[in-house]
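Worksheet for the structure shown next.
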Amino acid sequence: MRDTDNMEAEMEYDDGEEEPSFSDPEDFVDDISDQELLGDVLRDKPQEADGIDSVVVVDNVPQVGPDRLEKLKNVIQKIFSKFGKITNDFYPVADGKTKGYIFLEYSAPSHAQEAVKNADGYKLDKQHTFRVNLFTDFDKYMSISDEWEAPEKQPFKDFGNLRHWMEDSDCRDQYSVIYDSGERTGIFANDVKEPIEVEERARWTETYVRWSPKGTYLATFHQRGIALWGGEKFKQIQRFSHQGVQLIDFSPCERYVVTFSPLMDTKDDPQAIIIWDVLTGQKKRGFHCESSAHWPIFKWSPDGKFFARMTQDTLSIYETPSMGLLDKKSLKINGIKDFSWSPGDNIIAFWVPEDKDIPARVTLMQLPSRNEIRVRNLFNVVDCKLHWQKNGDYLCVKVDRTPKGTQGVVTNFEIFRMREKQVPVDVVEMKEGIIAFAWEPNGSKFAVLHGESPRINVSFYHVKNNGKIDLIKMFDKQQANSIFWSPQGQFLVLAGLRSMNGALAFVDTSDCTMMNIAEHYMASDVEWDPTGRYVVTSVSWWSHKVDNAFWLWTFQGRLLQKNNKERFCQLLWRPRPPSLLTQEQIKLIKKDLKKYSKIFEQKDRLSQSKASKELVDKRRTMMEDYRKYRERAMDMYNEQRPLRLELRGVFVFSGGVWTIIGEKN
């Protein structure tokens, strides 16, 4: 009451005092709209509506009788209640069956719009794919003119030849380089003499770059999302808005790109992982993600038609382009630990650990049929790792076991022969600790680093067609912790990265000879070019703050270049798309290789002689320029000599007498 009395007292004015005016002056112009002033309030203002803007029409619904109607309603309710509260539904009936379309009313128009956005195109089964529209859209479609009007012509966006680098007459491959602690990014064409700059930009990316699997696009990272670049001049092809994006992954066909951001996820709107259509830039679907520790979260089939993710006791397989679950359900696999797609077929391999009396097992499953084509039971298993050969011809399951009665861990390599009937399995046992394993990309050999420092050995095995696996060769006392096969097979580099000070060994596995042993001190990365002709070793500023550079070697281990870039960070070779030649054509080329070799050798000699001539001409020009400069300098020196002597006050001894040529001021 006291506050009210005070307010009333303050509002009272003396009889002689004029009450102040709160009106606007006559010439005042109110230029502030209600929307600017009260935008947040007006958004919540109740609007007049007849209710039909909250209704959706769902077409291609199964036609069922009364006995199955309740089940159909439960399915519809489960699918469409995810987008909002359904307040009413109507299932038209004719001749004792539903008509194949239904009406659903939501509690708010926004829910109806969300249902149209997400459920249109939903595949219920093989015969029924939903088409969902707003009821209000019927008025729009009814008012369409009967006379056809030509659509507005959209300007053609010419991004240039996206395979331009493949037309290089000298078959030079390209690579990206990030340096200056990430401030500068360059694209270079590889040349034996020195890199040829193709494109170079400042702050092109904020973190790192990534090539698409076929080399068509270069992806750059930004706070707001991802940008794709391509063509001869690396124009921007597409961009995807995903705030705080940290990781990306492409489908093998380059049709889709997957982005991850830890900033965007909400309970109602999954945004942590988004799958985008590369061609249109449209978001295809969003997913929740609790952790990105094992990236990529989604693994793609080799043809890009399926992708899968693993959660606790569940393997979920999705199909494109609908982005829906295959057969509308996930696979329940108790205890599943890991899975991997075959690089050559739509086959998934996964393993499950032991559970009480049930042994561990590795399963090979064909998709989309979900037929189990092979199951392998394993005992006393500690851990498993799945290693596919590049073409999917073989699968190696590295099994760490603790045999009964022993304390140590024994490793078995279970080799699945994927191209043979009933998928036979061979076993190679290793009693030493395994450091690294790698398949020959286009062959049937594999290499294993085993043992403990300083006695690290490398063994080469050959999987033969007669059902045997032979040990070809073993080199002992190697300084290596990584194996890098040439993309074309046969040759490999054994590297001792980081803590092993960059020891390198170049091996030809056709006869298992050491072609060269070298060192790139503190090397952190090894990258083969797509053709297998060259290999790059590098020291990244991200892992080591001094001696940052990348060196170019031949596949035989001959050092060609030392490229020192200030605060060099990353080098990535641009991938090549698969060859358009058939296996028969490739065999024919190999058969006539001597004929082609003569042409290339002649071209190489011409290139070298041309380079030598250019070098000689350059040196002659430099020598001539130096000679002319020296003559000018001598003329000037002789011309200024008397003046210098005079300024210095030089004494000259002549005829037994000292004479002052000049006095210094």
Side-chain angles (χ1 to χ4, degrees), residues 163 165-166 168 170-175 189-192 211-215 252 302 342-344 387-394 396 418-419 436-448 458 460-464 472-473 480 482-495 504-516 518 525-537 551-560 571-597 599-601 603-604:
R163 297 282 173 87
W165 90 100
M166 298 290 293
D168 185 271
D170 293 317
C171 300
R172 299 185 186 96
D173 282 289
Q174 293 184 356
Y175 54 81
N190 181 41
D191 191 82
V192 176
W211 292 103
S212 61
K214 297 179 182 179
S342 163
H387 300 277
W388 284 98
Q389 188 253 10
K390 181 184 174 183
N391 298 326
D393 297 337
Y394 305 99
C396 172
M418 300 300 299
R419 304 302 179 199
F437 172 95
W439 280 105
E440 180 183 21
N442 292 323
S444 53
K445 294 192 285 284
F446 61 86
V448 184
V458 59
F460 298 98
Y461 291 87
H462 184 204
V463 182
K464 293 194 170 182
I472 308 171
K473 183 77 173 180
S482 303
I483 304 169
F484 297 94
W485 280 94
S486 160
Q488 304 304 322
Q490 184 176 341
F491 305 103
L492 62 77
V493 175
L494 300 173
L504 304 170
F506 295 81
V507 183
D508 181 355
T509 62
S510 62
D511 53 6
C512 287
T513 56
M514 286 276 187
M515 297 182 292
N516 191 26
D525 300 282
V526 175
E527 293 279 347
W528 280 93
D529 87 314
T531 66
R533 294 177 295 172
Y534 304 100
V535 62
V536 164
T537 60
W551 294 2
L552 181 72
W553 311 74
T554 66
F555 67 93
Q556 298 158 318
R558 182 165 59 91
L559 182 60
L560 296 176
L571 182 145
L572 290 178
W573 288 96
R574 188 174 194 173
R576 283 176 173 258
S579 174
L580 299 177
L581 299 175
T582 63
Q583 288 299 320
E584 289 74 19
Q585 290 172 319
I586 293 173
K587 287 180 181 178
L588 187 62
I589 291 172
K590 289 182 177 179
K591 183 180 178 182
D592 298 335
L593 195 59
K594 289 184 178 179
K595 180 178 72 175
Y596 296 114
S597 296
I599 300 172
F600 292 131
E601 285 170 5
K603 189 174 181 180
D604 287 342

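Start at 1 with the first residue, then count along the sequence.
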Does atom CZ of Arg558 have more than 12 heavy-atom neighbours, drawn from other residues, nucleotides or ligands, at distances under 6.0 Å?
no

Which heavy atom in [X] sits nearest to a heavy atom in [Y], and how many Å separate them?
X      : Y      : value
Val535 : Val526 : CG2-CG1, 3.6 Å
Gln389 : Pro441 : NE2-O, 3.3 Å
Pro487 : Asn442 : O-ND2, 3.2 Å

Just wondering, do [Y] and [X] contact through their side chains at under 4.5 Å, heavy atoms?
X      : Y      : result
Ile589 : Leu581 : yes
Lys390 : Pro343 : no
His462 : Ser444 : yes
Ser342 : Met418 : no
Val463 : Trp439 : yes

Which residues satisfy the ring pair (Phe, Tyr, Trp, His ring centres under 6.0 Å) test with Trp551, sequence neighbours excluded?
His520

Partner set under ring pair (Phe, Tyr, Trp, His ring centres under 6.0 Å) for Phe506, not counting sequence neighbours
Trp553

Working to the nearest 0.5 angstrom, can you tell me the gap between Gln174 CD and Asn190 CG?
10.5 Å

I'd like to know if Arg172 and Asp191 make a salt bridge, using a cut-off of under 4.0 Å between side-chain N and carboxylate O.
yes

Checking ring-ring contact (aromatic ring centres under 6.0 Å, His included) against Phe437, which of Trp485, Phe446, Tyr461, Phe460 comes through?
Phe446

